[in-house]
Amino acid sequence: MIVIQLNQRQQKIIEIVKENEPITSEQIASILSVTRATLRSDLAILTMTGILDARPKVGYFYSGISNLNFVGNDIKNKKVEEVMGIPVVAKKDDSLYEVIVNMFLSDAGTIFIIDKDDSLCGVVSRKDLLKATIGGGDMNKMPIGMIMTRTPNIVTAIKDESIVLVAKKIIEHEIDSIPIVENIDNKTRVIGKISKTNITKLFLEIVDN
Ligand code: ADP
């Protein structure tokens with residue numbers, strides 16, 4: 001399957017043609033308040049790809065585009081903020097035991113660790129907890145701060161970032177979840193998370209639509 005990347009104006013043109021076919025390029029230009037010359041390359045792309053059909057002296061018809069062609073566009077336009085979930089956090093001084101209980105109760109695979117001033121200072125995954133328990137120390141006495149992956153090694157994202165970029169970070173760093181952070185009063189606060197589950201859900205949502 002070839003995924004066609006349409007820009008916003010091309011998508012608008014398709015909508016206009018769908019609603020008004022047959023329609024001339026002058027009429028499309030007038031609806032969009034642009035000149036015909038401006039539309040020339042967009043119309044050329046849309047006819048070359050077979051999405052629009054141009055009939056001389058009649059105008060443009062919509063000839064069809066598979067929904068799948070839009071999947072690439074939909075995903076590329078999504079921002080983290082629209083997809084992110086609620087983060088689960090624990091305090092740096094919480095014991096290993098408390099964090100394990102927290103993970104079970106919250107049904108999260110990754111827990112973000114915050115400092116006394118509520119700023120992000122670490123991340124723990126299921127395997128981190130397993131490793132620490134195998135170690136054999138006292139789970140009630142060991143603070144989670146001792147075993148977490150800490151700053152500056154934490155991979156983060158911000159709410160305006162593209163979801164595609166976040167998906168790339170997840171794959172490149174081989175991690176399950178990324179905290180979404182915001183600088184509030186000079187502190188790195190965790191305001192959300194993007195996990196593999198969020199991305200899988202988004203994928204299904206787009207295909208279902
Ligand atoms: P698991 O280890 O349970 O398979 P991950 O693949 O997410 O889960 O974690 C692998 C390692 O990467 C762990 O040591 C974890 O602390 C660390 N890690 C998890 N998420 C991040 C992140 N966002 N930034 C940096 N390190 C992370």
Side-chain angles (χ1 to χ4, degrees), residues 3 5 71-208:
V3 177
Q5 292 301 324
V71 170
N73 283 310
D74 272 359
I75 292 182
K76 280 216 163 133
N77 293 335
K78 279 269 186 259
K79 297 262 180 277
V80 161
E81 194 173 17
E82 301 170 65
V83 181
M84 70 187 189
I86 298 167
V88 178
V89 297
K91 298 261 187 205
K92 194 175 159 189
D93 295 333
D94 284 357
S95 69
L96 174 59
Y97 179 84
E98 282 170 316
V99 175
I100 291 173
V101 172
N102 188 351
M103 185 174 272
F104 270 99
L105 294 179
S106 60
D107 200 19
T110 307
I111 297 203
F112 305 117
I113 310 301
I114 52 173
D115 228 322
K116 285 200 174 69
D117 66 356
D118 288 343
S119 58
L120 176 70
C121 64
V123 176
V124 280
S125 71
R126 295 181 186 107
K127 258 184 255 159
D128 294 329
L129 297 177
L130 277 176
K131 241 190 286 171
T133 46
I134 289 173
D138 185 343
M139 286 201 291
N140 285 296
K141 290 206 178 115
M142 189 187 297
I144 201 68
M146 273 182 64
I147 65 142
M148 67 189 186
T149 299
R150 30 179 83 69
T151 41
N153 297 325
I154 307 177
V155 181
T156 61
I158 54 169
K159 66 180 194 316
D160 296 328
E161 218 165 298
S162 143
I163 194 71
V164 175
L165 203 65
V166 178
K168 278 188 185 147
K169 287 183 183 176
I170 286 180
I171 298 299
E172 272 166 23
H173 295 275
E174 299 182 357
I175 49 180
D176 290 345
S177 185
I178 290 196
I180 310 308
V181 297
E182 198 164 84
N183 193 316
I184 302 171
D185 299 334
N186 276 334
K187 288 169 196 150
T188 309
R189 296 286 176 88
V190 186
I191 58 162
K193 69 155 180 193
I194 295 285
S195 65
K196 287 179 177 170
T197 309
N198 296 118
I199 291 175
T200 310
K201 276 188 188 155
L202 170 67
F203 172 78
L204 286 178
E205 227 172 74
I206 289 173
V207 171
D208 281 350

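Atoms within a ligand are numbered from 1 in the order they appear, just like the ligands themselves. Values below: all heavy atoms of this structure, side chains included; hydrogens, waters and symmetry mates excluded. Throughout, residue positions are numbered sequentially from 1 according to the sequence presented. What you are looking at is a predicted structure, and each value in this text was computed from that prediction instead of being measured.
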**OP:** Verify side chain to side chain contact (heavy atoms under 4.5 Å, CB included) between Thr110 and Lys193, making sure each step is shown before the conclusion.
**Re:** CA-CA 10 Å; Thr110 307; Lys193 69 155 180 193; over 6 Å; no

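A donor-acceptor pair under 3.5 Å links the side-chain atoms of Lys169 to the main chain of Thr156, judged by distance alone. Within the 3.5 Å criterion, the main-chain N or O of Lys196 finds a donor-acceptor partner in the side chain of Thr200. Checking side-chain atoms of Asn183 against main-chain N and O of Asn186 turns up a donor-acceptor pair under 3.5 Å.
A heavy-atom cutoff of 4.0 Å around ligand 1 is satisfied by the protein residues Val123, Ser125, Arg126, Lys127, Asp128, Thr149, Asn153, Ile154, Val155, Glu174, Ile175, Asp176, Ser177, Pro179.
Checked against side chain to side chain donor-acceptor pair (under 3.5 Å), Lys168 has no partners two or more places apart in sequence or in another chain.
Between Glu205 and Lys78 there is no salt bridge, since no side-chain N of the basic residue sits under 4.0 Å from a carboxylate O of the acidic one.
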